[in-house]
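Here's the structure we're looking at; comments come further down.
Along the sequence shown, the residues carry numbers beginning at 1. For the numbers below, each heavy atom of this structure counts, side chains included, while hydrogens, waters and symmetry mates do not.
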Amino acid sequence: MSKGHVHVVGAGIVGLATAASLVQRGYGVTVLDREGPAAGASQGNAAAIAWTDVAPLASPGLWKQAFKWMLDPLGPLSVRPAYALKILPWMLRFMAASNPAKVAQSTKALADLNGGALPAWEALWRTTGTHNQVRRDGCLELFDTVQSLEASRAGWAEQRDYGIKVEELDASAIRDLEPDLSSRVVGGALVPDWVQVDEPKVLCLSVAEWLSSQGVKFEVGEVSRLQPNDKGCDVILKDGSTIAAERLVIACGAWSKTLAAQLGDQIPLDTERGYNITIPNPGVNVNRMIMLSGHGFVLSRLSSGLRVGGAVEFGGLDLPPNWRRVDAMLAKAKLFFPELKSEGGKRWMGFRPSIPDSLPVISPATRHSRIFYAFGHAHHGLTQSAVTGQMIADMIEGARPDIDPAPFAANRF
């Protein structure tokens, strides 16, 4: 017997994983998206289940590095001039979230959430039959200066404090693992328990196909307004039609902020624009994910080729892409892999929904008990999607999640 019906707004990986948790618990589910499954950031990410991350983006020492980066318009962190005033309130909140006490709180919450991420994914892979789309090759974090290498040791120590394996390696050991690397690398670390999927878009579409086999309905439509009522919420689409939702989950990433504001929740969400290029025949062998933290990008081996991507650009949802950022990443990538070829590469830009304290909103709406939020995951959308779905399903059922939900509440701001 069905426990009732839930409408999920957003067919990215967070919305799909939430739908999967709900349908397994006996709910009828409809997923509504303006384009369809995996049309946004869920198709262009680096394919990592980065459950070993415990450090929030905001940190006491980041500002010195951030300002240095921002002097370079094509560097790892930039602000488009046309968006500078609009991003200022977010930046001020980010600065406030960078004080040591706030960072300690965010680190604990992030470690708890990511600590539940891999078990939640293991369950979802088994249920949906997508376990064969997963690789466990680990991740190499590399550095080309002794100064940046030494500065990273404190972060590795913190990971170890949470029981995460981090093996520091010298340059020779690293090149044994990745023979095509240049001599530029001075050292780094292997995180052996890092997990990666073969192709994020294929994974999303596979989960969506499984959901369809379980009776989940997929509808295409763009939400214009929400009108809560005693029976749930009327969802008004841009074409003028209305959907009556008994329960509603807002999981539409960067577009969630406007809908939450209509419900009285002013969430300080902004958009980090991420860029990448996927090269079908890169001419080099990359055996595992390579993270170049000091330069703000990664190299990720996918079934479709080598993806070079990352960086952070604040420019909102409307400004056109700046494809020179891809060219800049490629130029840096060739310093580490001199034989890298980029011919035939497909460029992409997407929107990461980012909140200043690096924690998503996983919460009921403050004023409406039948509406729930699952957004703001920034760089960890794929990583945290399955555990987010479990937490939202718990909340809808009236159960307390195993992970403390307080740090992710909508009313924390």
Do [X] and [Y] have side-chain heavy atoms sitting under 4.5 Å apart?
X	Y	result
L211	V29	no
I13	N45	no
E141	V166	no
Q196	L302	yes
K238	R34	no
I243	T30	no
S106	S358	no
D198	N132	no

Nearest 0.5 Å, please: how far is [atom2] in [Y] from [atom1] in [X]?
X	Y	atom1	atom2	value
R347	R325	CZ	CZ	13.5 Å
K341	N281	NZ	CG	11.0 Å
D144	S183	CG	OG	11.0 Å
Q159	T107	CD	OG1	11.0 Å
L340	L330	CG	CG	6.5 Å
E339	N285	CD	CG	11.5 Å

query: Got a sec, which pairs hit ring-ring contact (aromatic ring centres under 6.0 Å, His included) with one end in residues 117-141, sequence neighbours left out?
result: W121-W125
Is the number of heavy atoms from other residues, nucleotides or ligands under 6.0 Å of [X] [atom1] greater than 12?
X	atom1	value
R184	CZ	yes
Q262	CD	yes
D176	CG	yes
D170	CG	yes

message: Testing L57, V54, L359 one by one against L110 for a side chain to side chain contact (heavy atoms under 4.5 Å, CB included), which residue passes?
response: L359
- prompt: Quick one: which of L248, V8, V223 gives a side chain to side chain contact (heavy atoms under 4.5 Å, CB included) with L32?
  reply: V223
message: For the residue pair E272 / H379, report whether a side-chain donor-acceptor contact shorter than 3.5 Å exists.
response: yes
query: Regarding S385 and H377, is there a side-chain donor-to-acceptor distance under 3.5 Å anywhere?
result: no
Expected list for residues 249-260: side-chain donor-acceptor pairs under 3.5 angstrom, two or more places apart:
{"from": "S256", "atom 1": "OG", "to": "C252", "atom 2": "N", "distance (Å)": "3.1"}
{"from": "S256", "atom 1": "OG", "to": "G253", "atom 2": "N", "distance (Å)": "3.2"}
{"from": "S256", "atom 1": "OG", "to": "G253", "atom 2": "O", "distance (Å)": "3.0"}
{"from": "K257", "atom 1": "NZ", "to": "L269", "atom 2": "O", "distance (Å)": "3.3"}

Determine the minimum heavy-atom distance between [X] and [Y], stating which atoms define it.
X	Y	answer
P407	A109	CB-CB, 3.5 Å
P401	P405	CD-CG, 4.2 Å
S304	T278	OG-CG2, 3.7 Å
G315	R80	CA-CG, 4.1 Å
P192	E167	CG-OE2, 3.7 Å
F314	V312	CE1-CG1, 3.6 Å

Do [X] side-chain atoms and [Y] backbone N/O form a donor-acceptor pair below 3.5 Å?
X	Y	value
S300	A46	yes
R307	V298	no
R301	V286	yes
Q24	L124	no
W51	V195	no
T383	A48	yes
K201	A38	no
S42	G12	no

query: Should the ring pair W90 and F94 be called parallel, tilted or perpendicular, given that the plane angle runs from 0 to 90° and is split at 30 and 60?
result: parallel
- prompt: Between Y275 and W323, what is the ring plane arrangement, given parallel below 30°, perpendicular above 60°, and tilted in between?
  reply: perpendicular
field: side chain to side chain contact (heavy atoms under 4.5 Å, CB included) between W194 and R288, intermediate numbers included
entry: CA-CA 10 Å; W194 182 284; R288 56 190 53 75; over 6 Å; no
task: Please test F413 against V361 for side chain to side chain contact (heavy atoms under 4.5 Å, CB included), starting from the C-alpha separation and ending with a verdict.
output: CA-CA 10 Å; F413 303 105; V361 178; 4.1 Å; yes
Donor-acceptor contacts under 3.5 Å from residues 369-376 side chains, at least two apart:
{"from": "R370", "atom 1": "NH1", "to": "E246", "atom 2": "O", "distance (Å)": "3.3"}
{"from": "Y373", "atom 1": "OH", "to": "D265", "atom 2": "OD2", "distance (Å)": "2.7"}

- prompt: Residues in side-chain hydrogen bond (donor to acceptor under 3.5 Å, both in side chains) with S342, at least two apart?
  reply: none
message: If the condition is side-chain hydrogen bond (donor to acceptor under 3.5 Å, both in side chains), which residues does R412 pass it with, not counting sequence neighbours?
response: D357
- prompt: Is any side-chain N of the basic residue among E313 and R324 closer than 4.0 Å to the acidic one's carboxylate O?
  reply: no
message: Would V284 and F336 count as a side chain to side chain contact (heavy atoms under 4.5 Å, CB included) here? Give the steps.
response: CA-CA 11 Å; V284 295; F336 292 87; over 6 Å; no
Check residues 111-120 and write down every donor-acceptor pair under 3.5 Å in which the side-chain atom is one partner and the other belongs to a residue at least two apart or another chain.
{"from": "D112", "atom 1": "OD1", "to": "K108", "atom 2": "NZ", "distance (Å)": "3.4"}
{"from": "D112", "atom 1": "OD2", "to": "K108", "atom 2": "NZ", "distance (Å)": "2.6"}
{"from": "N114", "atom 1": "OD1", "to": "Q384", "atom 2": "NE2", "distance (Å)": "2.9"}
{"from": "N114", "atom 1": "ND2", "to": "D53", "atom 2": "O", "distance (Å)": "2.9"}

query: Can V185 and R175 be said to form a side chain to side chain contact (heavy atoms under 4.5 Å, CB included), step by step?
result: CA-CA 9 Å; V185 174; R175 274 189 286 277; 4.2 Å; yes
